[in-house]
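Okay, structure first, notes after.
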Amino acid sequence: MSAPAISTLPDGIDLADPDSYVDRLPLEWFRRLREEAPVVWHPEPSPNKGFWAVTRYDDLTAVHMDWATYSSEVGAVALEELDQEQLDVRRSMLETDPPRHTAMRKVCSKRFSARGVRVYEDWIREVARGVLDRALAPDEPFDFVSEISRELPIRFLCSIFTVPQDDAPQLIAWGDKMIANQDPELSAAVVDKVDTEAYRLLPFRSPIAHDVFAYADRQRDERIEQPSDDVIQALVTAQSEGLLDDRDYHNYFSLLMIAGNETTRHTISAGMLALLERPDQLRLLQQEPERIPVAVEEVLRWATPVLHFRRTATRDTELRGQSIREGDKVVTWYISANHDPDVFEDPDTFDVTRAPNDHVTFGPGGPHFCLGAHLARLETRVLFQELLPRLASIEPAGQVERIRSNFVNGIKRMPVRITTR
Ligand code: HEM
């Protein structure tokens, strides 16, 4: 494909409106953009000023690799435009450029490496079995999201943080309210509907952050009294060595809790829905479970729970013939890159045997490649390894409902009827 000379946003496309994602994922918009306007200026409602929408795989990759031109730190990584005070107070590793970013990431990168997460496999399997035992007990319709997908990731996180499993329901509720801040069913502080000015200095502009910070403080106090060998301890040690201040500690803790919760949940739900709709592929994985690790990559591509992240240009530059000015927001759409036919043959087909599968669900690489990628892969694999052999049948038992968000691609309700073997 060659780039068109003039790039204007095709009529009828609105990637910024959270309502655009409620009824369906607008894959046809992204196809049009990749073909007609792969790097295009996209207006936004005030007070935001608009952004460049980047929809092709190779452009997204170029932006993420060139962190000096496309900064995570100068203007943060979400669509929301922050003033300097907000930026300073809310900054986590995600909104930091190297070299500071490199030092922050090192605090727990070993614990999230492939080898680091392998030690959790038995633990995770045990948690998965417990949740499945409870959810699959009655042969009655139930909501797959609330009983299975929603339960698992935070319980896994409790194991890794070594906090009590009894805290899981509270952490899940906090996580939901913070990240789903565009969905009135999940959060009272819906950012584009009510006045959230009072929360402007909190992560996700959410009042729930106060509760999460207080919880993080209690965890720190416990570890100062009685050191432990876990991720929170790594943060506490980094703070005692002066690498993180109080605010960094809070933001780091919240980032891990939030980033590892919803994303994995939506991956599990999207994977189950895709298999439920394609009984032949479900059967293939049940008959040949050794295919599950490859299938997990396709589930991740299909799910793409994070729709986009944003960078900010640090200088005037050019991308696919478009003139980007210093300070412009540049928004890279993972969901579109994961459906780019230049990289994925037949991209709108779910194929559990797809290989290679170089999806960008965790980012394309570069400094901010998802810290939890190995953990998320492990959790998703273990869940399907435990779940699929138990399924004699699975069918829909009601309407699938999607989250109202231009950032999170997720299913909030998925009633199913399951019979077990
Ligand atoms: C399927 C599940 C997940 C998805 C789809 C996902 C997606 C992403 C994406 C797209 C990024 C930004 C990549 C970039 O800018 O290039 C990211 C960063 C990050 N993720 Fe994940 N994530 C998942 C699970 C997790 C888990 C389980 C954790 C940890 C508990 C986690 C922790 C993080 C952190 C800390 C960052 C920031 C890394 C940095 O700035 O260096 N993620 N994730």
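One-based numbering, in listed order, for ligands and for the atoms of each.
- In this structure, Ser72 falls outside the shell of residues with a heavy atom less than 4.0 angstrom from ligand 1.
- Remark: the Ser71 side chain and the Arg311 side chain contain no N/O donor-acceptor pair separated by less than 3.5 Å.
- When non-hydrogen atoms are compared, ligand 1 lies under 4.0 Å from neither the backbone nor the side chain of Thr96.
- Checking each of Ile224, Leu244, Val231 against Val236 for a side chain to side chain contact (heavy atoms under 4.5 Å, CB included) leaves exactly one that passes, namely Ile224.
- Between Thr361 and ligand 1, no pair of N/O atoms sits closer than 3.5 Å.
- Ligand 1 lies within reach of Phe112, whose nearest heavy atom is under 4.0 Å from it.
- Around atom 21 (Fe) of ligand 1, the protein contributes the following N, O or S atoms under 2.8 Å, ordered by chain and number: Cys370 SG.
- Residue contact check for ligand 1: Thr380 places no non-hydrogen atom closer than 4.0 Å to it.
- With a 4.0 Å cut-off on non-hydrogen atoms, Thr304 does not touch ligand 1 at all.
- With no hydrogens or angles considered, a side-chain donor-acceptor pair links Asp348 and His339 at under 3.5 Å.
- When only interatomic distances are considered, the shortest N/O to N/O separation between His64 and ligand 1 falls below 3.5 Å.
- No heavy atom of Gly366 sits closer than 4.0 Å to any atom of ligand 1.
- Residue, atom and distance of the protein heavy atom nearest to atom 13 (C) of ligand 1 are His368 O, 3.1 Å.
- Ranking protein heavy atoms by distance to atom 37 (C) of ligand 1, first place goes to Leu94 CD1, 3.4 Å.
- Closest to atom 11 (C) of ligand 1 among all protein heavy atoms lies Phe309 CE1, 3.7 Å.
- Every residue was checked against the side-chain hydrogen bond (donor to acceptor under 3.5 Å, both in side chains) condition with Asp221, not counting sequence neighbours, and none meets it.
- Judged by the 6.0 Å distance and 45° axis criteria, Arg354 is not positioned over the aromatic ring of Phe344.
- Here the protein heavy atom with the shortest distance to atom 1 (C) of ligand 1 is Thr267 OG1, 3.1 Å.
- Contacts with ligand 1 closer than 4.0 Å are made by side-chain heavy atoms of Leu300 only, the backbone lying farther away.
- For ligand 1, the polar-atom distance check against Arg311 finds a nitrogen or oxygen pair separated by under 3.5 Å.
- By the 6.0 Å and 45° rule, Arg310 does not stack over the aromatic ring of Phe51.
- At distances below 3.5 Å, at least one donor-acceptor pair connects side-chain atoms of Arg223 with backbone N or O atoms of Gln219.
- Note that CG of Asp167 is 12.0 Å distant from CG of Leu157, once rounded to the nearest 0.5 Å.
- The atoms of ligand 1 that sit less than 4.0 Å from any heavy atom of Leu255 are 35 (C).
- If you number the atoms of ligand 1 from 1 as listed, the ones under 4.0 Å from a heavy atom of Pro367 come out as 41 (O).
- In terms of modelled atom types and a separation under 3.5 Å, the side chain of His64 and the main chain of Phe369 share no donor-acceptor contact.
- Within the model, atoms CD1 of Ile172 and CD of Glu262 stand 11.0 Å from one another, a figure rounded to the nearest 0.5 Å.
- With sequence neighbours excluded, the residues that form a side-chain hydrogen bond (donor to acceptor under 3.5 Å, both in side chains) with Arg413 are Glu185, Glu401.
- When only modelled atom types and interatomic distance are considered, Gln385 and Arg381 share a side-chain donor-acceptor pair under 3.5 Å.
- If you number the atoms of ligand 1 from 1 as listed, the ones under 4.0 Å from a heavy atom of Tyr334 come out as 10 (C), 12 (C), 13 (C), 14 (C), 15 (O), 16 (O).
- With ring centers used as reference points, Tyr249 lies 6.0 Å or more from Phe213.
- Listed by number with element, the atoms of ligand 1 under 4.0 angstrom from any heavy atom of Pro305 are 5 (C).
- Residues meeting the side-chain hydrogen bond (donor to acceptor under 3.5 Å, both in side chains) test with Glu151, sequence neighbours left out: Arg155.
- Here His101 has side-chain heavy atoms under 4.0 Å from ligand 1, and that is the only part of it that gets that close.
- The Leu157 neighbourhood of ligand 1 comprises atoms 30 (C), with distances under 4.0 Å to a heavy atom of that residue.
- Here is the list of ligand 1 atoms found below 4.0 Å of a heavy atom in Leu256: 30 (C), 35 (C).
- Close approach of ligand 1 to Arg105 (heavy-atom distance below 4.0 Å) involves ligand atoms 38 (C), 39 (C), 41 (O).
- Side-chain atoms of His250 and Asp217 form a donor-acceptor pair, as typed in the model, at a separation below 3.5 Å.
- Seen from the ring of Trp29, Arg24 counts as a face-on cation partner, given the 6.0 Å and 45° thresholds.
- Using a 4.0 Å cut-off to heavy atoms of Met93, the atoms of ligand 1 that qualify are 35 (C), 39 (C), 40 (O), 41 (O).
- Looking at Glu73 and Arg100, no side-chain N of the basic residue comes within less than 4.0 Å of a carboxylate O on the acidic one, giving no salt bridge.
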